[in-house]
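In what follows, a single structure is set out as structure tokens and then discussed.
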Protein chains: 2
Amino acid sequence: MPKTSNLPAPAAEESRETFDSGLDFDPLTRRLGYVVRRAQIAIFQSFFQTMSVAQISPAQYSALVIIARNPGLSQTRVAEALAIKKANFVALARELEQRGFVERRAIPGDKRSLALHLTPAGKLAYSELDRLSEEHEAKLREAIGIEAYEALFAPLVRLAKVNSGEASPPDQDPD
Amino acid sequence: MPKTSNLPAPAAEESRETFDSGLDFDPLTRRLGYVVRRAQIAIFQSFFQTMSVAQISPAQYSALVIIARNPGLSQTRVAEALAIKKANFVALARELEQRGFVERRAIPGDKRSLALHLTPAGKLAYSELDRLSEEHEAKLREAIGIEAYEALFAPLVRLAKVNSGEASPPDQDPD
DNA sequence: TATTGTTATACTCTATAACTATA
DNA sequence: TATAGTTATAGAGTATAACAATA
């Protein structure tokens with residue numbers, strides 16, 4: 001077992017943590033977008049490693065979660081939930097269907113929509129994916145400590161909603 | 001306040017903040033990769049809005065910062081610092097050169113390398129970009145509060161280094 | 001008219017291989 | 001042989017427009 005270093009977090013003060021390569025990253029380490037992007041890339045790489053046995057991408061996994069927890073949604077609704085354009089969700093849904101994880105059922109009321117459900121095989125795969133992804137979370141927790149880990153979610157979710165309402169800055173020139 | 005335990009416990013309370021659309025996002029809101037990705041997308045969109053007057057992308061901005069703070073680096077070194085493949089950095093560097101922000105100087109010692117420097121126009125543009133990007137940071141700070149904002153950097157930088165050393169998990173089957 | 005699923009398409013990012021000129 | 005800059009290329013991811021079937 002790797003030693004659980006629960007030292008009181010580095011505290012960030014004046015010696016702000018930076019990236020390797022010994023260069024001056026100064027303003028960048030204070031640009032949240034840059035730091036979040038670098039973290040996201042690293043986390044996805046780590047995710048691919050942990051999930052490699054399951055051959056599942058982050059996007060596929062997120063779609064399976066939404067379908068598993070909200071059975072019967074239409075493709076458009078699932079795409080909206082994931083903030084994916086419905087046109088781009090077609091290939092993703094088809095892939096999941098061809099792998100036998102997802103079924104598209106015709107709906108009585110509306111002949112245009114297709115209701116998405118997990119197949120029995122999909123449910124089985126999903127429970128394994130849930131276990132693997134939780135294993136991945138554990139790796140991330142160990143990397144940064146449980147308090148820091150837990151503290152990240154709320155602010156990041158709020159950041160994800162930045163822009164949600166606003167569209168036009170101070171001075172707009174309509175026309 | 002959540003008690004600081006380092007139990008492998010799932011903790012995570014019950015009322016975790018989630019995304020809009022009223023659907024059940026349950027495991028996803030506990031998947032750091034998903035939350036970080038959604039935040040990154042929103043922050044970049046916000047960045048594009050704030051920086052629209054300067055017509056600069058996050059990647060271009062990050063390159064300008066590295067060149068401004070570390071004058072004389074070769075293209076390969078700048079690309080490495082930004083975790084961009086040197087092949088993909090060519091177009092980026094060329095764009096910055098054509099806009100008159102960056103100059104590529106031949107080096108006396110090595111005829112292969114090109115040393116990158118900001119031009120006077122580049123330095124002028126950079127100071128304006130610095131102002132605008134700081135303005136953007138202020139928006140993000142206001143969105144989530146300054147304490148949460150400040151607390152994000154250190155753990156995210158550490159997350160960005162996940163994987164940096166390790167390549168093979170516990171059980172590997174070489175060949 | 002509006003909406004669902006779909007196709008086609010384009011544009012950006014990213015990853016790999018290979019070339020050239022130097023070293 | 002190795003390295004810096006470059007080209008070409010292929011693969012993802014994403015965005016828009018448009019279409020047929022249905023509402």
Side-chain angles (χ1 to χ4, degrees), chain A residues 33-34 36-38 40-45 47-49 51-52 55-63 67 72-98 102-117 163, chain B residues 33-34 36-38 40-45 47-49 51 55-63 67 72-98 102-117 163 167:
Chain A
Y34 187 77
V36 166
R37 174 175 169 271
R38 292 287 297 253
Q40 187 255 306
I41 292 170
I43 294 172
F44 269 40
Q45 286 178 340
F47 181 91
F48 273 113
Q49 285 182 219
M51 311 293 280
S52 64
Q55 286 292 101
I56 208 90
S57 71
Q60 290 172 329
Y61 170 71
S62 64
I67 297 169
L73 291 182
S74 69
Q75 286 192 188
T76 298
R77 290 260 290 156
V78 173
E80 282 173 358
L82 297 173
I84 297 174
K85 298 280 175 261
K86 63 176 181 174
N88 296 328
F89 185 67
V90 173
L92 181 49
R94 181 168 302 154
E95 168 82 12
L96 294 176
E97 185 185 41
Q98 288 177 339
V102 168
E103 179 191 11
R104 301 195 240 189
R105 293 186 199 157
I107 272 185
D110 192 331
K111 286 181 185 171
R112 296 172 301 179
S113 296
L114 294 174
L116 300 184
H117 294 266
N163 276 2
Chain B
Y34 188 76
V36 166
R37 174 175 169 272
R38 293 288 297 252
Q40 186 256 306
I41 292 169
I43 294 173
F44 270 39
Q45 286 178 340
F47 180 91
F48 275 112
Q49 285 181 220
M51 311 292 280
Q55 285 292 103
I56 208 88
S57 71
Q60 290 171 329
Y61 170 71
S62 65
I67 296 169
L73 290 182
S74 69
Q75 288 192 188
T76 298
R77 290 259 289 154
V78 174
E80 281 173 357
L82 297 173
I84 296 174
K85 297 280 175 264
K86 64 176 180 175
N88 296 328
F89 186 67
V90 173
L92 181 49
R94 181 169 302 153
E95 168 82 12
L96 294 176
E97 186 184 40
Q98 288 176 340
V102 167
E103 180 191 12
R104 302 194 237 189
R105 294 185 199 158
I107 272 186
D110 192 331
K111 287 181 185 170
R112 296 171 301 178
S113 294
L114 295 174
L116 300 183
H117 295 265
N163 275 3

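First the proteins, then the strands, lettered A, B, ... as listed; each starts at 1.
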Find the distance [X]:[atom1] to [N]:[atom2] and express it as a whole number of Å.
X        : N      : atom1 : atom2 : value
A:Ile107 : C:dG5  : CD1   : P     : 8 Å
B:Leu73  : D:dA4  : CG    : P     : 12 Å
B:Lys86  : C:dA21 : NZ    : C1'   : 13 Å
A:Phe44  : C:dA15 : CZ    : C1'   : 18 Å
B:Phe48  : D:dA15 : CZ    : P     : 11 Å
A:Arg112 : C:dA2  : CZ    : P     : 13 Å
B:Asn88  : C:dT14 : CG    : P     : 7 Å
B:Arg38  : D:dT14 : CZ    : P     : 11 Å

Closest non-hydrogen contact found for B:Ala63 with B:Phe89 is CB-CE1, 4.1 Å

What one should report as the nearest heavy-atom pair of B:Phe47 and B:Ile56 is CE2-O, 3.9 Å

Counting the atoms with a prime plus P, OP1 and OP2 as sugar-phosphate, which does [X] contact under 4.0 Å by heavy atoms, base, sugar-phosphate, or nothing?
X       : answer
B:Arg94 : sugar-phosphate
A:Ser74 : sugar-phosphate
A:Arg37 : sugar-phosphate
A:Ala87 : base

Comparing A:Gln75 with B:Lys111, nearest DNA chain C nucleotide closer to 5' gives the residue A:Gln75

Comparing nearest nucleotides in DNA chain C, the 5'-proximal residue of the pair A:Ile41, A:Val90 is A:Val90

Closest to the side chain of A:Arg104, out of D:dG5, D:dA23, C:dT6, is C:dT6

Side-chain contact, heavy-atom cut-off 4.5 Å: B:Val90 with B:Lys86?
no

Practice prompt. Answer yes or no: is there a side-chain heavy-atom contact under 4.5 Å between B:Tyr34 and A:Leu82?
Written response: yes

Per side chain to side chain contact (heavy atoms under 4.5 Å, CB included), B:Gln75 is matched among B:Ile67, B:Leu92, B:Leu116 by B:Leu116

Within the structure, does a side-chain N or O atom of A:Thr76 lie under 4.0 Å from either OP1 or OP2 of C:dG5?
yes

Result for 5'-nearest mapping on DNA chain D, choosing between B:Leu114 and A:Asp110, is B:Leu114

